[in-house]
Amino acid sequence: MADEAIIKIPSGEVLEDDDSEAPGPTISLPDSGDVGEGGKLSMIVQLVKKCLGVKDIAAMRLSLPASLLEPLPNLEYWHYLDRPDLFAAINDSNDPFERILAVVRFIFTKDLKFVHGKVCKPYNSVLGEHFRGHWDVPPVSYSSDPTQPPVLRVHTSVPPSQVTLAQGGETVSVKSNRSGKSSKSTRSGLSLTSTSKDKISPTLSTAPSSLGDAGLSKLSLSPLNGSGSGRNEGKDKDKDKDHIRVVYVTEQVSHHPPVSAYYASCPSRGVEMAGIDQISAKVSGTAVRVAPGSFNKGIYINLTSGPGIGEKYHITHPVANVNGILRGSFYITVGDSTIVTCVGAKGVAYRAVIEYKEESWLGRAHFLVEGVIHTYNEGSTEHVEWTKVKHVPTARVVAVFDGCWRNHIRWRRTAASPPAPSTSSAASSPSTSSFSAPSLSETEYATLVDLSTLFVVPKKVRPLERQLPNESRKLWDGVTTRLLAKEYGEATKAKLAIEQKQRDEAGERKRKGVQFIPQYFEKDISSGIPVLTSAGRKAVEEELKECSETWPSS
């Protein structure tokens, strides 16, 4: 590609839109013609060998045969909204402590695809590619016991005695007992082995969109390829009338390095999310280490109305490792910490440290995590150094949690905790910000989230005939169709044609002396918080108004 269309960033970093400025030679991998597991494993081993010593694989010019790719656009794959109902629930409570607890719960569920699905390689996004979609989900409900997690009403798996299938068989809710409380967890310790396989309802276990045992390869990408659980939830207007809508828009704003901007919103709950996606990857031993890139400063959540209006949450990313490469059995482990910082709080300011425990290179992975929620002074900087659980002064800790980030996570209050509010609903009266010693029941462990019972909620996307040429599913349709038909050679040709078109367009821009300008986001992304353009705001509004009663979920 040509080397024009450079977007200058105030921090001194540069975004390119072509291949010529990518560091090092192109890493290419010829198609072996063997699409079986053995052939794929052989190609993967070759790729790993080629990448040894490369400082950042993600910034390289990398060309892979289509047979190694999942039939899924990258922009659709990364969205942090596998549980949009828990994203929308962040602003449900009047109590600031419960709101940051809800943020922590959202963090553990935002990437359920890695808990129940397989690790996959989606298509590399091209410059200017964009994706948009939405979710219509029933809001969560709550037990009268504030220590218990919210009751989720869609894509869950719980013991049969606690399950009610909604009309049409598509949603699952936990039965409440006569007192209005949901059944409490009877676990006295941590379960490190998933029990979801024998608890999945027949309807959900066969749903491709659940991403349970079906795996990511079952994710339907168009009306012709499947429709979620096989039924159209939108047809049941009585069931949909109390649903809330979460919308999502993302765009590839740089090609080298690969950078995308995203925005999500649930206006009815006063919650919005934005950020920059960019990763840095390198081969480390027999694993690939993945960390945030320099433009990726984390996830930013803003409460725009309701109980927490004015609060902003900054969520940092941990470091992940893709393991099992040489065995062809990929799995992810997570290390380092995720830090959640709330600013703009009315009263007590909270912060959370989520520490992922390092895995031993011998034996199986345990996927353990521990963390604390603590108070801090917004005007000070001492808390910046508190990046591990042990760093946080005991007097500051108001809650602790631990468990397995692929299964069950428990939490409890501490002696420094504020008193528990009477209810978790947004309609409750605000709790006091004064501190008092909790009762005995408040020091007992309760379930924060049981990931073994939760599955990915499918999104809704406009039909291909209504999508723009650079919209992800429309853009990659020729590759996707051929991959699903197992025409791997033709899929590779279609993929190469898209990549060549991108090079040609970059060359034409250089010839004309014009810059690439993103359509949906402002070009300055140096803050890590992208800003929607007028076209971006229009896309969000259109998605909020879309009537998707006849669309399939996928």
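Using a 4.0 Å cut-off between charged nitrogen and carboxylate oxygen, Glu546 and Arg466 count as a salt-bridge pair. Ion pairing between a basic and an acidic side chain is recognised when a charged N comes within 4.0 Å of a carboxylate O; Glu355 and Lys357 show such pairing.
Closest approach of Asp450 and Leu454 over heavy atoms only: O-CG, 3.6 Å. Closest non-hydrogen pair, Pro530 versus Gly275, comes out as CG-O, 3.3 Å. What you find for Val389 and Gly371 is that their closest heavy atoms are CG2-CA, 3.8 Å. Closest non-hydrogen pair, Ala88 versus Val271, comes out as O-CG2, 4.0 Å. Taking both residues in full, the closest heavy atoms of Ser305 and Asn91 are given as O-ND2, 2.6 Å, listed atom of the first, atom of the second, then distance. Of all non-hydrogen atoms in Gln252 and Val126, the two that sit nearest each other are CB-O, 3.3 Å.
Take Tyr520 and apply the ring-ring contact (aromatic ring centres under 6.0 Å, His included) test, not counting sequence neighbours, and it matches His130. Contacts of Lys474 classified as salt bridge (Lys or Arg N to Asp or Glu O under 4.0 Å), with partners at least two apart in sequence or in another chain: none. Under the ring-ring contact (aromatic ring centres under 6.0 Å, His included) criterion, Tyr263 pairs with no residue, sequence neighbours left out. Shown here are the side-chain contact (heavy atoms from CB on, under 4.5 Å) partners of Val319, two or more places apart in sequence or in another chain: Arg289, Ala291, Asp336. Partners of Thr341 according to the side-chain contact (heavy atoms from CB on, under 4.5 Å) rule, which considers only residues two or more places apart in sequence or in another chain, are Ile339, Val343, Arg351, Tyr376. For Asn323, the side-chain contact (heavy atoms from CB on, under 4.5 Å) partners at least two apart in sequence or on another chain are Ala287, Asn321, Tyr331, Thr333. Taking Glu541 as the reference, nothing meets the side-chain hydrogen bond (donor to acceptor under 3.5 Å, both in side chains) condition, with sequence neighbours excluded. Residues satisfying the side-chain contact (heavy atoms from CB on, under 4.5 Å) test with His317, not counting sequence neighbours, are Tyr80, Pro292, Asn296, Ile299. With sequence neighbours left out, the salt bridge (Lys or Arg N to Asp or Glu O under 4.0 Å) criterion links Arg269 to Asp92. Under the rule for a salt bridge (Lys or Arg N to Asp or Glu O under 4.0 Å), Glu129 has no partner lying at least two apart in sequence or in another chain. For Phe401, the ring-ring contact (aromatic ring centres under 6.0 Å, His included) criterion is met by no residue, not counting sequence neighbours. With sequence neighbours excluded, the residues that form a salt bridge (Lys or Arg N to Asp or Glu O under 4.0 Å) with Asp85 are Arg83.
Proximity of Pro518 to Thr533: side-chain heavy atoms (C-beta onward) are nowhere separated by under 4.5 Å. Using a 4.5 Å heavy-atom threshold, the side chains of Pro139 and Arg153 count as touching. Side-chain contact between Arg473 and Thr480 is absent, with no heavy-atom pair separated by less than 4.5 Å. Residues Leu451 and Leu112 form a side-chain contact, since some pair of their non-hydrogen atoms from C-beta on lies under 4.5 Å apart. Between Val151 and Ser141 there is a side-chain heavy-atom pair separated by less than 4.5 Å. The shortest distance between side-chain heavy atoms of Tyr77 and Cys120 falls below 4.5 Å. When side chains are defined from C-beta on, Pro267 counts as touching Leu544, because their heavy atoms get closer than 4.5 Å. Residues Trp411 and Val104 fail the side-chain proximity criterion, which asks for heavy atoms closer than 4.5 Å.
Ile100 CD1 to Cys342 SG: the interatomic distance, rounded to the nearest 0.5 Å, is 6.0 Å. Here the OG-CG distance, from Ser472 to Asn74, works out to 8.5 Å after rounding to the nearest 0.5 Å. Interatomic distance, Phe97 CZ to Arg413 CZ, rounded to the nearest 0.5 Å: 4.5 Å. Expressed to the nearest 0.5 Å, how far OG of Ser125 lies from CG of Leu475 amounts to 9.0 Å. For the atom pair Ile107 CD1 and Trp405 CH2, the distance stands at 14.0 Å (nearest 0.5 Å). Put simply, CZ on Phe106 and CD1 on Ile315 are 5.5 Å apart, with the number rounded to the nearest 0.5 Å.
Listed for the Ser265 side chain is no donor-acceptor partner under 3.5 Å among the backbone atoms of Glu272. Looking at Thr250, its side chain does come within 3.5 Å of a backbone N or O of Ala261 through a donor-acceptor pair. Looking only at distances, no side-chain donor or acceptor of Gln519 sits under 3.5 Å from a matching main-chain atom of Gly128. Between the side chain of Arg537 and the backbone N or O of Leu532 there is at least one donor-acceptor pair closer than 3.5 Å. Side chain of Asp82 to main chain of Lys113: a donor-acceptor pair is present (N/O by atom type, distance under 3.5 Å, no hydrogens or angles). A donor-acceptor pair is defined here as one N or O able to donate and one able to accept, closer than 3.5 Å; such a pair exists between the side chain of Glu378 and the backbone of Gly344. Listed for the Lys297 side chain is no donor-acceptor partner under 3.5 Å among the backbone atoms of His314.
With no hydrogens or angles considered, no side-chain donor-acceptor pair links His408 and Ser452 at under 3.5 Å. In this structure, a donor-acceptor pair under 3.5 Å is absent between the side chains of Thr304 and Asn302. Remark: the Ser93 side chain and the Glu98 side chain contain an N/O donor-acceptor pair separated by less than 3.5 Å.
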Checklist entry - After noting the C-alpha distance and the side-chain angles of Lys121 and Val322, does the key distance pass the side-chain contact (heavy atoms from CB on, under 4.5 Å) rule? => result CA-CA 11 Å; Lys121 176 65 179 76; Val322 180; over 6 Å; no
Item to check | Step-by-step side-chain contact (heavy atoms from CB on, under 4.5 Å) determination, Val259 to Asp277 | outcome: CA-CA 6 Å; Val259 178; Asp277 264 334; over 6 Å; no
Next on the checklist: Could you walk me through whether Met273 and Leu81 satisfy the side-chain contact (heavy atoms from CB on, under 4.5 Å) test, starting with their C-alpha distance in whole Å, then the side-chain angles of each, then the deciding distance to 0.1 Å, before giving a yes or no?
Outcome noted: CA-CA 10 Å; Met273 172 177 70; Leu81 286 169; 3.9 Å; yes
Item to check | Chi angles and distances behind the side-chain contact (heavy atoms from CB on, under 4.5 Å) call for Arg99, Tyr350 | outcome: CA-CA 10 Å; Arg99 289 195 293 272; Tyr350 290 106; over 6 Å; no
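For His116 and Phe455, the distance between ring centers is under 6.0 angstrom.
Evaluated for a ring pair (Phe, Tyr, Trp, His ring centres under 6.0 Å) with His79, the options Tyr262, Trp135, Phe131 yield exactly one hit, Trp135.
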